[in-house]
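As the structure lists them, so they are numbered: ligands from 1, and atoms in each ligand from 1.
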Amino acid sequence: MPRTWATWGGDLHLEVGGRVRSSLERGLREAIRDGRLRPGTRLPSSRALAADLGIARNSAADAYAQLIAEGWLASRQGAGTWVAEHRVSPPAEPAADQLPMAMPRYDLRPGVPDLSMFPRTAWVAALRRALAAAPLDVMGYTDPRGLQQLRSALSDYLSRARGVAIAPERIVICSGFADGLGLVCEVLRRRGAKSLAVEAYGHALHRNIAEAARLRVHTTPVDAGGAVIDASEPAGALLVTPAHQFPLGVALHPERRRRAIEWAVSSNAVIIEDDYDGEFRYDRQAVGAMQALAPDHIVYAGTVSKTLAPGLRLAWLVLPNGLVDDVIAVKTAVHHLSSSLDQLALAEFITSGAYDRHVRRTRLAYRRRRDRLVAALHRHAPAYRITGIAAGLHALIQLPPGESEGALVARALSRRLAVQGLNSFRLGAQECAPALVVGYARPPEHAFTAALARLTALLTER
Ligand SMILES: Cc1ncc(COP(=O)(O)O)c(C=O)c1O
C-alpha cells in the first residue's frame, strides 16, 4: 500500500514565500529529487496542503497540476495524487570519506525568530502608506542619527513598552545591534576606554566587534542572578543582557542592577544594556529597562531582530547625553546609514499599532511553544531540567550529571537535529554545567511539532 503523507510521518520543510506557487513547486521537486518524497508516496489533497501551509488552494492545485504535467507527480480521478514512479535515478553513492555532513532537517538553534511569522502584508501596507506621505528629502542622504519619523515613533514606543527614559535626539538608528555595538565601542575607545567587560557567556561576535574597535575584552562571571558585577571592575564599560541573559536565560537580580549602576556612576563608566528580547516575557509583565535608572551612564540598545526579522538590520541606541555627539560624529565619518524605506516602514508600522499587535501575536505563539517544550521534557525526559525565566526565544536545558554536551550535540546532528551546546557560548574561563541552548522560536509553526519530537526522542534514547 502506498504510504500517505500522513503515514510517512516526516516533515518536508516546505517553506513557501515570495511567488507562492513556484516556491511550492520548487520545494516539491527538491523533496522528490533528494528522496524525501519517495515514488508512490500519496500527497495530501490540494485543499489540505493549502491549509497546512497557509496558502490559497488554487496555488496548491496549480503547483500539483504543473508537476503532473512535468511527470514528477501522477494522479487519477478519485485516487488522489502521488509521487510518480522511476522519475529520478538515485545519485551515485559518494565515497565514504567524501560524505557531506547531513544537513539538519530540524533546527532548534537559538538566535532567530520564526521567519514565517514575518507580517508581510501589514509591512507592505505600512511601507505603502509611509511612502505615499514621505517628503522628498528622505530619498537623499539623510540624518546620520536615522530618520526623524522613526526616532519619534521609537521614542513613544520605548518609553511606553520598555520604560526607557528617552528623547528623540538621543536615539541613533543602526544596522542591527552589532552595528550599534561597534559604534559605541569605537566612541568609547576614542574617549580613552581601554577595555570592555562582557558576560562570561554570550556571543563571540560581540566580543569580536569590541576587539575590532581595539578594546581589550575581559569577562565577568554569570550565575543564576545574571552578571556578577564587582565594584572594583576595572573596565571603562560593561556589556550586559539584564532582562534575559544570553544564553543562560536568567534575569539580572535587582540587587545586581543597583550595584551595576552604582559602579557605573562612581567610576564614570558606561553600561551597554542589550535589550535584545525584552518584549518576550511570559510569566509576568516585562521588567522595564535598566537604563531609566541611570540614563547618563547607560546606552540602551534594542533591535527588531527578534520581534520582526534579523534580515531587516534595524536597531536603535538610546544614548547618554554625553555620548550623542561623538556617536553621530563617528556615524557621519563612516557614512553608514540605514535604508530610508525600511525606516519609514518601521515608523509607520509602530505608530499604526501594527508592531504592538505583531509582538502580542508572536509572544503568544512563542509562549505556547515554550510551554510545549517544558511539558514535553517533563513528560518524556524528566532528567533534563529547564532553567531560567519564562522569556525570550530560547531555553536552557540542563543535562543530567555525567552526560556530555559535545556528544549530545553530535548525536543530535547525526539525527539531523541542530542544537547548540552552552559551551559554544563560553567567552571566558568560567565553566557552567553542561546544557543545551534551545531556540524554540526558529522552526516555522508546521515544523515545530516534528522538531520537538526529534529533541525528546534524542534525550530519551539510550
Ligand atoms: C544577545 C543578543 N544581542 C543582540 C542580538 C541582536 O543582534 P542584531 O540586532 O545585530 O541582529 C542578538 C541576536 O541574535 C542576541 O542574541
Are R191 and D326 close enough for a salt bridge, meaning some N to O gap below 4.0 Å? yes
Will you find, in the side chains of S338 and Q343, an N or O donor that is under 3.5 Å from an N or O acceptor? no
How are the rings of H203 and F246 set relative to one another: parallel (under 30°), tilted (30 to 60°) or perpendicular (over 60°)? parallel
So, R313 and S339: side-chain donor and acceptor under 3.5 Å apart, yes or no? no
If you look at every heavy atom in L377 and I386, which pair is closest and at what distance? CD1-CG1, 3.7 Å
Between T241 and E199, does any side-chain donor sit less than 3.5 Å from a side-chain acceptor? yes
Close residues, ligand 1: non-hydrogen atom nearer than 4.0 Å: G111, G176, F177, A178, H203, H206, F246, D274, Y276, T303, S305, K306, R313
